[in-house]
Amino acid sequence: MAVLTENDIRKLFNEKVLMEKGEFYLEKDMILTPSARTYLADKNIIIRTDHLEDKTRYQTESVRMKKDKENITNKETEMEIEKQKEEIYETLFGITLHEKPEHMTHLRGNLLVFKDNGRIALRGAIDTLESEIILAQIAAQKEGSMKLVDDLEEVIRFIRGLLRSEVSGEPVVEFQLQGLDAKDMREQSHHPSKYFGIKHFLPTYKHGEMVAHLNKLRTLARRTELIAFKAFKTDENKVERVDIIRAFNRLSSLFWIMMFKYMTDKYKS
């Protein structure tokens, strides 16, 4: 009998196994703790049991929970269920809550912050950037630029890694994108004549739809960088998580490089 706690569900969500407004298929040998069900509800994830063929899918949740609990012999598991029945939330301002207010959300674990918290705003900006990259991939696929699709997919994996780093607190390791490290991105974006044979340009409608998509991604990366700066600037005017801020700065440089590559037919099959 498997008991899934809130931490288990959060791990699945952070690893993109579960998606917001998605579905979670509950097997007959699984138990969700109350806080795990609350977390799924907060993320608008539907708990599905209609795939089960036996009669247990027709039992009410309370009956299933009661029967499953009677079969649990592991004392530590029983203690975990009892502990999760009354969730305790911490806040940055020192108040302990027993219910999660609608105007607050999880920063990490059971630590709640207001929804206008800088780091929550950063996560939203990253989500927006990722959604626009997907739209750019669709446009690139339509015109047959599959190398561009692949390069954008690499960027998606990169920003998802940045999001994990922000949530977990782990540092951003040295990285390469399209074979370029952070120093190369800065160099090539600042000197396009040297590397691509064209000068910097102001994008217009005449450059076409794909350049417009890439330029929008550049501006969103820069906007995300500024949101990250605000999120990690302390009241003492110190700046934390410079690694994340720098990563988004280099990402905006990379989108310039991708525009130069597109303009010089580097993405043609």
Side-chain angles (χ1 to χ4, degrees), residues 15-16 19-20 121-166 171-231 241-269:
E15 292 175 353
K16 302 294 183 180
M19 303 297 291
E20 192 163 355
L122 173 59
R123 294 173 191 178
I126 293 173
D127 193 28
T128 298
L129 176 58
E130 182 177 331
S131 68
E132 289 292 340
I133 292 175
I134 293 172
L135 291 175
Q137 284 182 299
I138 293 172
Q141 183 185 42
K142 286 180 178 178
E143 65 176 41
S145 300
M146 298 311 298
K147 179 63 171 64
L148 179 53
V149 172
D150 293 340
D151 280 355
L152 290 170
E153 186 65 27
E154 183 184 27
V155 174
I156 286 181
R157 292 194 298 268
F158 176 65
I159 63 175
R160 286 175 179 172
L162 294 180
L163 179 59
R164 285 193 295 272
S165 176
E166 182 275 320
V172 178
V173 299
E174 293 298 322
F175 59 88
Q176 285 194 346
L177 291 169
Q178 300 175 33
L180 304 175
D181 60 22
K183 182 179 178 181
D184 293 332
M185 292 179 205
R186 188 179 183 87
E187 166 70 16
Q188 292 194 18
S189 66
H190 284 193
H191 302 95
S193 297
K194 178 179 178 181
Y195 294 95
F196 303 100
I198 61 174
K199 296 181 179 180
H200 272 287
F201 62 94
L202 292 176
T204 72
Y205 72 93
K206 294 180 180 180
H207 292 114
E209 181 181 4
M210 200 64 245
V211 171
H213 276 295
L214 294 172
N215 186 52
K216 185 173 185 179
L217 295 180
R218 177 190 64 82
T219 63
L220 288 176
R222 182 55 60 86
R223 175 176 176 271
T224 306
E225 175 193 355
L226 295 177
I227 293 174
F229 174 77
K230 291 180 180 179
R241 297 312 308 262
V242 177
D243 54 341
I244 292 179
I245 298 170
R246 182 186 297 115
F248 282 109
N249 177 273
R250 297 303 184 270
L251 192 57
S252 66
S253 296
L254 182 67
F255 286 128
W256 263 124
I257 292 171
M258 295 176 74
M259 281 192 282
F260 297 142
K261 290 168 67 175
Y262 187 87
M263 293 289 292
T264 55
D265 295 333
K266 297 295 190 298
Y267 283 118
K268 282 192 173 181
S269 303

(request) Would you please test Glu153 and Gln137 for side-chain hydrogen bond (donor to acceptor under 3.5 Å, both in side chains) and show each step? (result) CA-CA 8 Å; Glu153 186 65 27; Gln137 284 182 299; 2.9 Å; yes
(message) Test side chain to side chain contact (heavy atoms under 4.5 Å, CB included) on Leu217 and Val155; report intermediate values, then the result.
(response) CA-CA 11 Å; Leu217 295 180; Val155 174; over 6 Å; no
(message) Checking Leu129 against Leu251 for the side chain to side chain contact (heavy atoms under 4.5 Å, CB included) test, could you report, in this order, the C-alpha distance in whole Å, the side-chain angles of both residues, the deciding distance, and whether it holds?
(response) CA-CA 11 Å; Leu129 176 58; Leu251 192 57; 4.0 Å; yes
(message) For a side chain to side chain contact (heavy atoms under 4.5 Å, CB included) check, start with the C-alpha distance between Met259 and Phe196, then their side-chain angles and the critical distance, and finish with the verdict.
(response) CA-CA 10 Å; Met259 281 192 282; Phe196 303 100; over 6 Å; no
(message) Set out, in order, the CA-CA distance, both residues' side-chain angles and the distance that settles side chain to side chain contact (heavy atoms under 4.5 Å, CB included) for Leu220 and Phe248, then state yes or no.
(response) CA-CA 10 Å; Leu220 288 176; Phe248 282 109; over 6 Å; no
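The shortest heavy-atom contact between Met258 and Leu152 is CE-CD2, 3.6 Å. For the residue pair Ile156 and Ile133, the shortest heavy atom distance occurs at CG1-CG2, 3.4 Å. Taking every heavy atom of both residues into account, Ser252 and Arg218 meet most closely at O-CG, 3.6 Å. What you find for Ala139 and Glu209 is that their closest heavy atoms are CB-OE2, 4.1 Å.
A salt bridge links Asp243 to Arg241: at least one charged side-chain nitrogen sits closer than 4.0 Å to a carboxylate oxygen. Under the 4.0 Å criterion applied to side-chain N and carboxylate O atoms, Arg222 and Glu225 are assigned as salt-bridge partners.
Distance check: Arg186 CZ to Lys183 NZ gives 11.5 Å after rounding to the nearest 0.5 Å. To the nearest 0.5 angstrom, Asp151 atom CG is 10.5 Å from Phe255 atom CZ. Rounded to the nearest 0.5 angstrom, Ile198 CD1 and Lys261 NZ are separated by 12.5 Å. Considering NZ of Lys266 and CD1 of Ile257, their distance stands at 12.0 Å, rounded to 0.5 Å. Summarising the geometry, atom CG belonging to Leu180 is positioned 12.5 Å from atom CZ belonging to Arg250; distances are rounded to the nearest 0.5 Å. Separating the NE2 atom in His207 from the CG atom in Leu214 is a distance of 12.5 Å, to the nearest 0.5 Å.
Using bins of under 30°, 30° to 60° and over 60° for the plane-to-plane angle, the ring pair Tyr262/Tyr267 lands in the tilted bin.
For Thr204 and Lys206, the side-chain atoms include no donor-acceptor pair closer than 3.5 Å. Between the side chains of Asn249 and Arg246, no donor-acceptor pair of N or O atoms lies under 3.5 Å.
A search for ring pair (Phe, Tyr, Trp, His ring centres under 6.0 Å) contacts involving His190 returns nothing, not counting sequence neighbours.
For Glu174, the CD atom is loosely surrounded, since the number of other residues' heavy atoms within 6.0 Å does not exceed 12. Other residues, nucleotides and ligands contribute more than 12 heavy atoms inside 6.0 Å of the CD atom of Gln176.
Proximity of the aromatic rings of Phe260 and Tyr195 is defined here by a centroid distance below 6.0 angstrom, and this criterion is not met.
Not one N or O on the side chain of Gln141 forms a donor-acceptor pair closer than 3.5 Å with the backbone of Val149. A distance-only check finds a donor-acceptor pair linking the side chain of His200 to the backbone of Ser189 [under 3.5 Å].
Screening residues 124-144 for salt bridge (charged side-chain N to carboxylate O under 4.0 Å, His left out), with sequence neighbours left out, gives Glu130-Arg160, Glu132-Lys216.
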